[in-house]
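Below is one structure, written out as structure tokens; the observations come after it.
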Amino acid sequence: MNESEGRNTLGGGMPAAVPVALGEVGYAGAEDVSALNKAPSSLALSKFDWSLEDMSSPARYMIVSDEDLNGGEVVSKVFEAMKGSADWESLTSPGIVVSITGEVSDFELSFRSKELILRELVDSIKHLKPLIVTGGTHNGIMRLVGEARAQYQTDINLLGIAPYAVVEEGEVLLQVPARDWNASGVGFGKAVYNRFQASEPYPEATSKLEKKSLLDRNHSHFILVESLNAEDKAKPWKHRYGEETIFRTRLEMHIKRGPDVPILLVCVQGGPGSVKAVLDAAKQGKSCLLVNGSGRAADLMSDAVKLCLPVGHADHIKRGDFDQRQKAMCEYFERSYGIRYESDAWSLVARVGQEPQHSIEENTSWDRFWKMYDMVVTQPKLIHELFTLANSGKCWIFDLNIEHRKGEFKESMLQCLLAEVEQELQIDVGVGDSNRLRSALERKLDLAIKFQSPSDVSNIIKNAWKDMKLKHYIPELVEDSLISALQASTVSVVEVLLQEVPYLEFLMITVKTLVLAFSDQYTEHDSKQAAQARRSLRLVNSVIPKRKIAKLEEPATSAIREGAQRKKDYQQWPLLDGTHPTDISMFQNIRHRSYPAVEDIISELLEKQQDLEVEFRLHCHPSFTYQLGADGPFADLFLSSILFLKLDLADLIWRYWIPDVNKAEVFWTESINPIVYAITAAFYLRRLSKKERNASKKEHLVSRADAFEGSAVKVYQKAVANERADQSVWGSASVSTRVCCATFSVIATSAAGCECAN
């Protein structure tokens with residue numbers, strides 16, 4: 001265990017075995033406390049076990065106390081503490097932040113609702129490395145989310161943020177046994193929370209908050225906050241729920257930092273506190289997804305949003321179609337704002353921050369209205385918050401009352417985030433502001449790729465082509481998006497994007513590409529070509545993964561032997577023209593004074609080329625050689641996909657490399673290299689299958705090998721039989737010999753079904 005693990009800095013009125021000053025051992029990289037502009041009075045990081053028998057993974061926790069928990073400086077220092085700890089660092093750089101709010105007291109969702117919402121919440125976005133945030137206790141929606149994590153995806157980060165004052169047995173977390181503290185006052189021991197035997201069942205959640213709440217054992221991390229403000233400390237523990245709300249919202253936004261990490265709040269059921277939480281989130285710029293049909297506050301806010309949707313919207317409700325609750329809500333909106341719902345639209349739309357024009361008096365009809373939503377509310381002003389929230393443009397609805405298919409909740413989350421981008425665009429972009437339009441298009445494509453939605457990628461591109469301001473940017477953005485999809489191995493999205501760039505010219509590595517990348521051009525035209533060449537090299541390098549494997553004793557290529565040579569300036573290097581074969585190693589020892597990053601890219605590409613050679617020599621044949629770019633981008637992508645066992649992606653690339661063999665434009669001169677690569681892949685996968693012990697994986701490798709071999713044989717037979725074969729400069733017999741002798745003789749068992757011409 002390193003020093004940052006288990007460190008505990010306690011104080012500020014909170015009991016501890018050994019009080020330690022924040023500046024001494026607060027967290028890795030902490031500044032001296034006197035130098036801090038504003039730091040928490042107390043900040044503790046440690047771990048605890050769930051039982052004496054230590055049968056489950058320990059939970060990580062942090063305790064933060066301060067008189068002003070909502071201050072931005074406190075949030076910043078907590079974030080720094082997270083980054084400084086190996087146990088917390090992964091929480092600071094998620095692919096998406098999903099904040100869950102809702103019912104605190106215990107309730108149940110139907111199995112169908114759990115499958116629709118909770119399973120997709122933790123399982124369908126696991127590839128994004130999400131950070132899911134809840135209230136952390138073993139009650140209500142927090143318990144259900146914890147159960148979903150335990151059942152479907154145990155390796156995602158699930159963070160619970162709760163008031164320390166409401167946590168049962170919270171004092172256990174402040175007491176680390178004395179034997180586990182070293183002479184410097186650093187705690188390395190772990191507390192044991194809820195001291196019961198692992199064989200005993202976990203205490204049942206309660207339907208009413210009659211006592212403090214247990215932490216939920218299916219969460220991975222906890223932050224417990226305590227306000228040291230005298231007014232807050234004087235409150236009974238029941239009234240300290242919500243103490244963490246603003247701190248939590250600001251920490252989530254701090255983790256998000258910038259447009260690259262989407263953030264979404266999901267509300268399931270809930271009470272008046274959930275209305276406030278959603279409103280606070282909307283003010284902070286979060287998109288909010290309301291689960292209508294889950295009950296109470298979520299239904300209340302969903303109805304309010306529906307009443308304020310414009311005419312023509314898919315979820316707009318006509319007055320004649322209002323149900324009893326919506327009629328009552330419309331009446332209260334009209335009374336409180338002095339407006340009318342006429343012609344299925346409000347005569348005046350309130351904006352965020354607008355005060356009600358008429359006071360709302362408590363009366364029996366008001367109580368009846370809240371009872372319709374199974375809520376007891378003592379704050380009549382909540383109706384104003386509802387109307388403000390409904391017009392914020394930050395809320396979208398997922399309706400449990402209608403039939404849904406698998407994947408539709410994930411799709412709703414995506415649509416919510418896409419709508420947010422569109423809304424920001426309408427507010428911020430002025431006439432002719434093409435840069436912001438480009439940025440918005442880039443964000444939309446990024447979101448659709450992250451959520452693995454090929455239909456949305458296709459629609460976004462289709463709509464972008466209709467915008468004259470965007471047409472200039474689309475090709476480059478599509479190329480960048482394809483790189484992202486290839487990196488994520490999102491085959492369905494890659495297939496859509498390949499329809500836009502079917503020949504992958506932007507990933508071509510030719511001698512001309514390399515010459516341009518190293519040259520210092522002075523004319524505007526040549527300068528653009530050089531920049532494009534450097535971009536192509538950068539994209540190829542980013543899309544081909546690097547794999548650390550055992551090296552052969554002898555260097556795999558002449559490039560490695562030349563690596564130690566002293567680098568020369570480009571001007572001292574002999575000029576090359578397009579007649580030279582593509583060989584990256586020829587450019588290994590050239591210095592580029594203006595763009596030194598090009599040198600690094602060439603070095604990395606050579607390492608990856610050597611890795612490919614080494615791996616296929618080990619499993620196929622010692623004579624295997626390979627040069628990146630020599631056979632085009634499809635060859636590079638195909639072989640690297642095979643090496644990393646991205647077999648669905650490899651299959652897609654090969655199919656795009658060789659279109660339908662029955663089409664007239666496909667003839668054998670285009671098919672030589674694809675055949676060689678497909679059979680090489682088949683041989684490689686068969687060799688791997690012989691070493692595989694898992695029966696299902698072994699069967700999968702063999703079936704894929706058979707598929708690649710069968711495809712290669714079919715293309716070969718069609719190519720040779722094509723009437724245009726004899727017109728080739730090579731001649732059918734010559735190339736048949738080349739294919740058979742150069743490839744099939746090495747891997748003869750894979751050549752069944754092919755007959756050499758000679």
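Atoms CG and CG, from Leu131 and Asn157 in turn, are 6.5 Å apart once rounded to the nearest 0.5 Å. With values rounded to the nearest 0.5 angstrom, Ile602 atom CD1 is found 12.0 Å from Glu607 atom CD. Rounded to the nearest 0.5 Å, atoms OG (Ser124) and CG (Leu414) are 11.0 Å apart. From Gln610, atom CD reaches atom CZ of Arg617 across 9.0 Å, with rounding to the nearest 0.5 Å. Note that NZ of Lys462 is 13.0 Å distant from CD1 of Ile474, once rounded to the nearest 0.5 Å. Annotation: the span from Met508 atom CE to Phe634 atom CZ amounts to 8.0 Å, rounded to 0.5 Å.
The main-chain N or O of Lys410 is found under 3.5 Å from a side-chain atom of Glu120 such that the two form a donor-acceptor pair. No side-chain donor-acceptor contact under 3.5 Å links Lys256 to the backbone of Val97. A donor-acceptor pair is defined here as one N or O able to donate and one able to accept, closer than 3.5 Å; no such pair exists between the side chain of Ser439 and the backbone of Asn435. Side-chain atoms of Arg149 come within 3.5 Å of backbone atoms of Ile156 as a donor-acceptor pair (strictly under, hydrogens ignored). Judged purely by atom type and a 3.5 angstrom limit, Ser703 uses its side chain to pair as donor or acceptor with the backbone of His700. In this structure a side-chain-to-backbone donor-acceptor pair under 3.5 Å is present from His221 to Asp87. Distance alone, capped at 3.5 Å, places no donor-acceptor pair between the Ser689 side chain and the Lys698 backbone. Judged by distance alone, with hydrogens and angles left aside, the side-chain atoms of Glu613 form no donor-acceptor pair with the main-chain N or O of Thr625 at under 3.5 Å.
Taking every heavy atom of both residues into account, Trp654 and Ala678 meet most closely at NE1-CB, 3.3 Å. When all heavy atoms of Ser453 and Glu411 are compared, the closest pair comes out as OG-OE1, 3.6 Å. In plain terms, the two heavy atoms of Leu470 and Ala464 that are nearest each other are CB-O, 3.8 Å. Taking each heavy atom of Leu612 and Leu639 in turn, the nearest pair found is CD2-O, 4.1 Å. Between Leu649 and Val491 the shortest heavy-atom distance is N-CG2, 3.8 Å. Scanning both residues, Leu445 and Ser481, for their nearest heavy atoms gives CD1-OG, 3.5 Å.
Contact check for Ser85 versus Arg60: no side-chain heavy atoms found under the 4.5 Å cut-off. Contact annotation: the side chain of Leu637 never approaches that of Trp657 to less than 4.5 Å [non-hydrogen atoms, C-beta and beyond]. Looking at heavy atoms from C-beta onward, Arg534 lies out of side-chain contact with Leu537 at the 4.5 angstrom threshold. Side-chain contact check for Leu437 versus Tyr473: every heavy-atom pair is 4.5 Å or farther apart. Between Ile125 and Met413 there is a side-chain heavy-atom pair separated by less than 4.5 Å. Proximity of Ile601 to Val540: side-chain heavy atoms (C-beta onward) are nowhere separated by under 4.5 Å. In this structure the side chain of Arg538 never reaches within 4.5 angstrom of the side chain of Asn541, judged on heavy atoms. When side chains are defined from C-beta on, Leu645 counts as touching Leu685, because their heavy atoms get closer than 4.5 Å.
Contact check on Asp123 versus Lys126 returns a salt bridge, with a Lys/Arg side-chain nitrogen under 4.0 Å from an Asp/Glu carboxylate oxygen. Ion pairing between a basic and an acidic side chain is recognised when a charged N comes within 4.0 Å of a carboxylate O; Glu604 and Lys546 show no such pairing.
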**OP:** Quick one: do Val122 and Leu158 satisfy side chain to side chain contact (heavy atoms under 4.5 Å, CB included)? Show the steps, please.
**Re:** CA-CA 9 Å; Val122 300; Leu158 181 54; over 6 Å; no
Subject >> side chain to side chain contact (heavy atoms under 4.5 Å, CB included) between Leu539 and Asp480, intermediate numbers included >> reply: CA-CA 8 Å; Leu539 292 179; Asp480 290 339; 4.0 Å; yes
**OP:** Verify side chain to side chain contact (heavy atoms under 4.5 Å, CB included) between Ile461 and Leu497, making sure each step is shown before the conclusion.
**Re:** CA-CA 9 Å; Ile461 295 173; Leu497 292 169; 3.6 Å; yes
Subject >> CA sep, side-chain torsions, deciding dist, call: Val494, Leu482, side chain to side chain contact (heavy atoms under 4.5 Å, CB included) >> reply: CA-CA 6 Å; Val494 171; Leu482 178 59; 3.9 Å; yes
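Residue-environment remark: CZ (Phe644) exceeds the threshold of 12 foreign heavy atoms within 6.0 Å. For CD of Gln487, the number of neighbouring non-hydrogen atoms (other residues, nucleotides, ligands) closer than 6.0 Å is greater than 12.
With sequence neighbours left out, Gln151 forms a side chain to side chain contact (heavy atoms under 4.5 Å, CB included) with no residue at all. Taking Glu479 as the reference, Arg535 meet the salt bridge (charged side-chain N to carboxylate O under 4.0 Å, His left out) condition, with sequence neighbours excluded. Under the rule for a salt bridge (charged side-chain N to carboxylate O under 4.0 Å, His left out), Glu500 has no partner lying at least two apart in sequence or in another chain. For the side chain to side chain contact (heavy atoms under 4.5 Å, CB included) test, residues two or more places apart in sequence or in another chain that qualify with Thr92 are Phe79, Met82, Lys83, Glu89. Residues meeting the side chain to side chain contact (heavy atoms under 4.5 Å, CB included) test with Ala448, sequence neighbours left out: Asp456, Val457, Ile460.
Side-chain polar atoms of Thr510 and Thr513 form a donor-acceptor pair below 3.5 angstrom. One side chain, Glu615 or Tyr684, offers a donor N or O that lies under 3.5 Å from an acceptor on the other. There is no side-chain donor-acceptor pair under 3.5 Å between Glu495 and Gln499.
Screening Arg443, Lys444, Lys450 for a salt bridge (Lys or Arg N to Asp or Glu O under 4.0 Å) with Asp446, the sole residue that qualifies is Lys450.
The list of salt bridge (Lys or Arg N to Asp or Glu O under 4.0 Å) pairs with a residue in residues 628-651, not counting sequence neighbours, reads Asp648-Arg704, Asp651-Arg655.
Note on ring orientation: taking the six-membered ring where Trp is involved, the planes of Phe708 and Phe638 are perpendicular (angle over 60°, cut-offs 30° and 60°).
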